[in-house]
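Every number for a ligand or one of its atoms is a count from 1 in the order of the listing.
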Amino acid sequence: MNFGKKIIIPLLLAGMVTSSACAETASNSMTGANISNKDKPVVWFNRQPSNSETGEIDYDAITFNKNVYYVGVDMEQGATLQGEMIIKYIMGRDASLDRNGDGIIGYVLAIGDTGHNISAARTRGARKACGTAVKKDDVIIPDAVGINLDGSSKIVTDGTATIAGKDYIIRELASKEMTSPDGATWNADAAGVAIDEWVKLFGDSIDVIISNNDGMGLKMFDNWAHSNNVPVFGYDSNGDCVAAIKDGFCGSVSQRADVQAYLTLRILRNCLDGVDVNTGIGVPDDVGNVLNQADFYYADRERAFLALNLAVTNENYLAHLDPRAPYEEVSHQLNVNEHPRKKVWLNIYSTEDDFLSQTYQPLLQQYAYTLNLDLTIVIGNGYDESSITSQLGDPSEYDAFAINMIKTDDAQIYMDLLSK
Ligand code: BGC
Ligand code: CA
């Protein structure tokens, strides 16, 4: 789908949601007792049910029942923002950016998970902006290059940039999927190990560091880039990265955890109340909660509510120092008589993920209070889906579910558990 076109018409798309109201009627709110597990509301979040090889959406998972949605981020728009931020920075520097003076601006890239569509989009966005992208079947290849010191890789190509009146080559010197020895992806420690190795091999060729997320980026910043004045670009706007901007961390992208965490729980609330799914989202609820139309949109076919990203750099970081602050316009607590307490089971795929544990989870907890939801949060180990499913216990004890799979192909495992 073409996200680029969609972002200019959020009003219209958000409006469309009204037609796909949460299945039951307003007078018929869902209660755990009389609803079978397979009919309970489910929100997949942060990891879109999709084929990890082809990126194809898993439509069975998002149409599992009438009260199923995906909440995530507009990955293309965010990737473009990160790419533009990087190239703007490079072009705005002077000859000192080329640390070893060889006429090449070399960057290294930390990849989160080559099988996760969000990670692939960010790799593509960075390569596109730097002019290093290579296409296959008209799509930019998002794979890791390993080491490409001599520029001979077939996965990327050399780009060019004019900096202070002089032409330079831009080269992806190295890139790697940051996986722990256990197999956990988006792994910050793996990025720490990788930067140490890269520095040993070709330290003064590294002029810029790009990361698919902040957790990995900050590790590379702390281990080496900070003390060597090498710019690092991350993604997520976690509090610790935004705080590090004053110390030279170059920039990040906010994927609006404040919007996404709200959407994740709000959709479940609406489905449990049997009201229009857009309540308190695109249209005000009974206490005035409503999101700004400029901050998200709804993609009908994918049943996806997607937050729109914001660039965070030294120009505006002071306004983003507290990414756990709830979105003010949706912070009014619902009346507990009209919106009685419900039980939601929610999981986070890994204990090690800074974005989900540092930024997203505290927001979920705050919105759970606002929305009268009792949240049971379980956390997986990041590499074995059963580390999560073994903690589901008896699904009949919950009214609704919010799922953050380890692998985006694994939705069926959860659907099976709910179908038993
Ligand atoms: C975040 C990453 C996170 C990943 C997990 C992405 O949206 O940017 O930081 O590790 O989701 O699924
Ligand atoms: Ca150089």
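Panel note: side chain Gln293, backbone Gly282; a donor-acceptor pair is recorded below 3.5 Å. Remark: side-chain polar atoms of Tyr349 are not paired, donor with acceptor, to backbone N or O of Ile403 under 3.5 angstrom.
A salt bridge is absent between Lys342 and Asp374: the closest approach of a Lys/Arg side-chain nitrogen to an acidic carboxylate oxygen does not fall below 4.0 angstrom.
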> Going through the distances and angles, do Arg269 and Asp273 end up as a salt bridge (Lys or Arg N to Asp or Glu O under 4.0 Å)?
Replying inline: CA-CA 6 Å; Arg269 177 80 252 179; Asp273 288 347; 2.8 Å; yes
>> salt bridge (Lys or Arg N to Asp or Glu O under 4.0 Å), that's the test. Do Asp399 and Lys40 meet it? Break it down for me.
In response: CA-CA 6 Å; Asp399 301 303; Lys40 290 178 181 172; 5.7 Å; no
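Vertex the Ca ion (ligand 2), arms ending at OD1 of Asn100 and OD1 of Asp102: the angle is 70° after rounding to 10 degrees. Take the Ca ion (ligand 2) as the corner point: the lines to OD1 of Asp98 and to O of Ile104 open at 90°, to the nearest 10 degrees.
Listed as neighbours of ligand 1 are Asn46, Arg47, His116, Ile118, Arg122, Trp186, Asn213, Asp236, Gln255, Tyr349, Asp353, Phe355, each bearing a heavy atom under 4.0 Å from the ligand.
Contact annotation: Gly103 places no N, O or S atom under 3.0 Å from the Ca ion (ligand 2). Residue Asp204 does not count as close to the Ca ion (ligand 2), with no N, O or S atom under 3.0 Å. The Ca ion (ligand 2) has no N, O or S atom of Ser205 under 3.0 Å away, backbone or side chain.
No side-chain donor-acceptor contact under 3.5 Å links Tyr262 and Asn289.
Residues Tyr70 and Phe45 place their aromatic rings such that the two centres sit no closer than 6.0 Å. Between Phe233 and Phe249, the ring centre distance reaches or exceeds 6.0 Å.
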